[in-house]
Structures are given as structure tokens and as C-alpha cells.
Amino acid sequence: MNQNLAQFIFSGTTTGAIYALIALGFCIVENSMKIVNFAQGDFLTLGGMFMFSMLYALHLSILPAIVLSVLAVALIGAAMERFALRLAKSKETVVLVFITIGASIFIRGGIKLIWGKSPKSLPYFSGAHPIDLLGARILPQSLWVIGGTIAVFLALHHFFHHTKQGKAMKAVAYDPKAAALMGINVEAMMMLSLALAGGVGAVAGILIIPITTMTFDMGVMLGLKGFAAAVLGGYGDVMGAVIGGLLLGLLESLGAGLISSTYKDVIAFVVLLLVLFLRPRGILGKEEWERV
Amino acid sequence: MLIVQDLHVYYGGLHALKGVNLHVSKGEIVAIIGRNGAGKTTLLNALSGLVKAQRGTITFRGIPIQGKKPHKIVRLGLCQVPEGRRIFAPLTVSENLELGAYLKRTPQEKAKSKEDLDYVLQLFPLLKKRLHLRAGILSGGEQQMLAIGRALVGNTKLLALDEPSLGLAPMVVKEIFNVISRLRDDGGTILLVEQNAREALSVSDRAYVLEAGRVAIKGPSSRLLEEEKVKTAYLGKKRR
Ligand SMILES: Nc1ncnc2c1ncn2[C@@H]1O[C@H](COP(=O)(O)OP(=O)(O)OP(=O)(O)O)[C@@H](O)[C@H]1O
Ligand SMILES: [Mg+2]
């Protein structure tokens with residue numbers, strides 16, 4: 001029992017870390033454009049697919065494959081801002097969010113066309129031999145997932161709190177006109193944020209797909225889970241995204257393990273609804289004007 | 001320093017600026033007064049590149065700037081303090097000031113930035129004590145000071161102020177106008193948009209009266225203060 005519990009906690013932390021990474025992607029775009037980017041989940045799939053091609057078509061070794069895949073998806077994110085969001089006549093939130101939904105469908109179509117419908121997998125970074133830890137057996141890949149999430153979190157936290165560009169990005173989200181009057185290139189900032197979101201999405205895919213395998217439409221469900229995690233933590237807050245992700249992952253894993261795995265996906269959304277009822281701003285959510 | 005010729009701005013079918021001509025020379029304070037909806041904010045936003053001018057030319061320091069992106073115009077040194085202050089409420093006072101100096105990148109510029117910050121904190125000693133507070137919790141007057149300070153820490157050659165006295169208590173208004181004349185004494189060039197005509201005319205060298213998108217009256221401020229038309233329409237007994 002105790003051993004099982006440790007197992008559930010570790011697997012919950014691993015999926016939680018992935019939800020956190022996706023939530024961080026949502027968070028970045030919120031912190032520049034104040035919109036929900038529904039293509040975030042598809043960035044993850046794209047990252048995995050590029051990685052697949054880099055490894056098996058171009059025969060690159062793992063490190064350059066990762067770097068190139070992340071850059072490729074970052075570029076696609078930037079292109080999405082430049083050639084879709086920026087060209088919108090109306091800058092109303094509803095319109096922009098709708099464009100992200102369109103982009104999501106478009107990306108999924110593209111993936112299906114290029115990589116096909118059959119499920120694919122990626123190799124583990126470092127071996128398949130489970131490690132024994134506190135009575136639980138963990139795949140080394142899980143440690144990569146958790147470590148990768150921590151690294152991305154620390155980098156983003158530093159970016160938004162301690163760099164001028166990060167603060168400028170938040171200023172753009174809060175008031176684009178006032179930001180422009182500071183000499184900030186508002187459009188470039190938005191493009192940068194979509195590129196970052198793309199890169200973070202790709203990292204999530206590259207880390208998790210060795211454990212789960214991938215299909216062209218896996219981004220839909222994972223995107224929703226990541227979105228739920230972001231809302232849970234307090235939408236737009238970097239720390240909240242991580243807390244929300246871990247909480248959701250743990251709840252799912254413990255719920256599935258201790259209650260029934262039939263309800264695994266339901267649990268996420270029940271928790272989300274409960275949070276929205278009880279604390280609409282999320283766990284770390286702040287008042288509109290004081291959000292970081 | 002700034003020359004505006006035959007400037008037209010439309011919002012859809014609404015003709016908001018109907019051929020505005022004006023100029024500002026180095027070291028001058030020029031006031032623009034006018035009622036609600038006269039087009040004052042539209043004029044400043046056209047100068048800053050925030051709204052598009054359909055016709056006319058804007059020349060700043062010898063460079064045509066109409067059609068340029070806002071951040072490029074700021075880079076040239078035309079900085080606007082927008083109506084309603086629009087400080088970044090979630091950020092701290094010092095972060096707001098940091099963003100004011102956003103364009104300062106080179107080591108020399110950064111060194112200058114420190115000097116400018118000291119100057120701003122000397123102009124507005126109140127801000128010094130609030131540096132690490134969130135800007136959103138400041139009072140209206142403090143927010144206005146922050147908004148002006150934020151524009152002054154940039155490479156500002158011309159400061160455009162949009163109704164800096166709006167919604168502030170008389171005491172604070174006086175303080176803001178004191179700062180404006182102090183800036184003039186220190187050699188600053190200022191374009192001041194105001195509805196508070198009496199104060200604006202007292203502090204400025206020249207003024208333009210904007211009515212329904214056109215310059216209706218212009219001249220030295222001391223003369224406008226005495227002019228009948230201005231007196232009855234803008235300097236009436238009722239003070240805002
Ligand atoms: N974004 C906009 N879209 C459409 N019409 C606008 C817009 N902004 C201003 N207007 C209109 O343009 C005209 C000029 O407005 P503007 O804000 O420039 O006046 P103002 O002199 O600054 O007034 P106030 O003293 O109230 O600030 C008004 O009739 C206003 O309704
Ligand atoms: Mg106005």
C-alpha cells in the first residue's frame with residue numbers, strides 16, 4: 001500500500017510536470033497578449049514530431065535534435081503571431097482566441113498530412129531501466145521530465161521578474177499603448193512570447209513522448225489539461241502554473257490509483273470546476289490589477 | 001523641434017482633426033487647450049504614432065515621423081504622458097521607472113539613466129519612499145508624478161503631457177504645474193494639453209486653442225489670457 005502510494009505520487013508528479021509545462025506555455029502568452037492560446041497543446045505534438053524526424057529521418061544525435069526541434073516550434077509560434085494574430089483587423093480578445101483555435105486545427109491538419117495518423121514514439125533520453133526510489137520504481141525519463149520542468153520554470157520566473165524584457169512583456173499585456181509609449185516594440189514582444197510558448201511546448205513534447213507515445217491529435221486533451229492546470233494555479237502566474245500542474249497530476253494519479261482509473265480524466269475537470277466555483281481567481285490568482 | 005502641417009485624422013467617418021498646423025521650438029512650453037472632444041488627445045496620439053494620420057506631415061527634429069511605429073518615435077525623443085496616466089499598476093514604482101528607461105541600452109546611456117532617475121526623484125521626492133510599492137496602490141497624484149517621471153527617465157527631447165491635472169486635488173495640481181515650470185527652467189521642451197486653461201496659459205509661452213479639430217486661436221499665452229474670446233469661453237468663473 002505504502003509502496004503503491006509512493007508509485008502514484010511519482011507518476012502523478014511526472015504527468016503533473018507536463019501539465020505544468022503546458023500551463024507555463026499558456027502563461028507566457030497571457031503575459032503578453034492576454035489571450036488563451038488554444039494551439040499550446042499542438043506545440044507539444046509538433047515538438048515531438050520534429051524530434052521524431054530529426055532523429056529518424058535526419059539521424060541527428062539527441063542533443064542537436066532537441067535544440068533544432070525546439071527552435072522549429074518556436075519559429076512556428078512566431079509565425080503564428082506574425083501571419084495570423086497580427087493580421088487580425090480586430091484586436092478583440094474573442095477574435096484573437098478564435099484565431100488560436102483556427103491555428104490549432106490548422107497545425108493538427110498539417111501534422112496529420114506530414115507525419116500521418118499512426119502513433120509514434122521517441123526513445124528515452126537515458127535508458128529504460130527503472131530506478132528504485134522510496135519503494136517506487138521510476139523511469140529515468142520521469143526524472144528528465146521533472147528536471148526539465150524545474151529548469152523551464154526557473155528560467156521563466158527569472159525572465160518575468162528579473163529582466164527588463166520580461167517586465168516589458170508584462171507591460172505590453174497590461175497596457176499595450178502605454179508600453180509603446182515607453183519605446184517598447186509591442187508587436188515584437190508579442191512575437192517573442194509566441195516563440196517562447198512554442199519552444200516551451202516543444203520541450204514538453206520532447207520530454208513526455210518517450211513515456212506516452214504520440215498521435216497527431218494528442219495536443220487537444222493535453223492542451224485542455226494544461227489549461228485546467230493554469231486556471232487552477234491562477235491564470236497567468238508562473239508559480240501558479242507549476243502548482244496547478246502538479247496538483248492536477250497528483251489528483252489524477254491518486255484518484256485513478258485509489259478510486260478508479262475510469263475517472264482519471266473526469267477528476268481533472270471536476271477539480272477545475274470546483275476551483276472555478278469556490279475561488280475563480282485560482283490558487284495563486286490575484287486581483288486583475290496586481291497580477292504579475 | 002516639432003512642426004505639424006495640415007494634419008487630418010479620421011476615426012471611421014468621424015473627422016477628428018481637420019488640418020492642424022502647429023510648431024514647438026526647443027526650450028518652449030506650448031499649451032493646447034480645448035473642450036472635451038476637441039481633438040487634443042487625438043493630436044498627441046497622432047504625434048506618437050498611436051493613431052494614423054490620413055493626411056499631413058509631422059516633422060520632429062528634422063525627421064518626418066508620420067506613419068512611423070510608436071516605439072520608433074519614442075526612440076527619437078518624443079515622449080508622451082498619456083491621458084489617465086496609464087502607469088503599469090501590477091509593477092512596482094521602480095519597475096515602472098525602469099521601463100521608462102527601456103530604450104537605454106549602452107553603458108553610457110545606463111549611466112545617464114542613473115542621473116536621470118536621481119533628477120526625477122528630486123522632482124518628486126514622494127516617489128522615493130514608494131519605489132518598492134506596487135504602482136496600482138498609489139494615489140492619483142502620485143500616479144501622475146510616476147507617469148511624468150517615467151517619461152523623464154527616457155531620452156526625452158520633447159515631453160507631451162495629456163491633461164496632467166485631470167481629476168487631481170487643487171494642491172496636487174499646483175504641484176504638478178510647479179514641476180512643469182521647473183522643467184522649463186531646466187531647459188525642457190514641453191507640449192502641454194490641458195482643459196485647465198488658466199493654469200496652462202500661466203505656465204506656457206505660447207498656446208493653441210483647439211475647437212472641433214481645428215486651431216481656432218493661437219498666440220503668446222500672456223496675450224490669450226487677456227483675449228475676450230478666450231476669457232469667456234475658457235477662463236469663465238467656473239473653475240474645474
Ligand atoms: N478611438 C476612437 N474612436 C472613435 N472616435 C474617437 C476615438 N477617440 C476619440 N474619438 C472622437 O474623436 C473626437 C476627439 O476626441 P479626443 O479624445 O481627441 O478629444 P479630447 O480633446 O482629448 O477630449 P478630452 O478633453 O475629453 O480628453 C471626439 O469626438 C471623440 O469622440
Ligand atoms: Mg483627451
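Just so it is clear: chains get the letters A, B, ... in the order the sequence lines come, proteins before strands, and each one is counted from 1. Keep in mind the model is a prediction, meaning the values are calculated, not measured.
- No cation-pi contact links R86(B) to F88(B), judged by a cut-off of 6.0 Å to the six-membered ring centre and 45° from its axis.
- Listed by first and then second residue, the salt bridge (Lys or Arg N to Asp or Glu O under 4.0 Å) pairs that reach into residues 140-156 of chain B are R130(B)-E142(B), sequence neighbours excluded.
- K157(B) places no side-chain N or O within donor-acceptor distance of the main-chain N or O of L78(B), the cut-off being under 3.5 Å.
- Of the listed residues (R75(B), K72(B), E98(B)), the one with the most heavy-atom contacts under 4.5 Å to chain A is E98(B).
- Of the listed residues (E187(A), M182(A), K177(A)), the one with the most heavy-atom contacts under 4.5 Å to chain B is M182(A).
- Legend: residues meeting side chain to side chain contact (heavy atoms under 4.5 Å, CB included) with E115(B), ordered by chain and number and at least two apart, are K112(B).
- Heavy atoms closer than 4.5 Å to chain A are found nowhere in A147(B), neither backbone nor side chain.
- Pairs of residues two or more places apart, or lying in two chains, never qualify as salt bridge (Lys or Arg N to Asp or Glu O under 4.0 Å) while including a residue from residues 43-52 of chain B.
- There is no contact between A188(A) and chain B, counting heavy-atom distances below 4.5 Å.
- Atom OG1 of residue T156(B) and atom CD1 of residue I148(B) lie 11.5 Å apart, to the nearest 0.5 angstrom.
- A side-chain donor-acceptor contact under 3.5 Å links Q40(A) to the backbone of A197(A).
- Residues of residues 89-107 of chain A never come within less than 4.5 angstrom of chain B, heavy atom to heavy atom.
- With Y102(B) as reference, Q165(A) is the one residue of Q165(A), K164(A), K167(A) to meet the side chain to side chain donor-acceptor pair (under 3.5 Å) rule.
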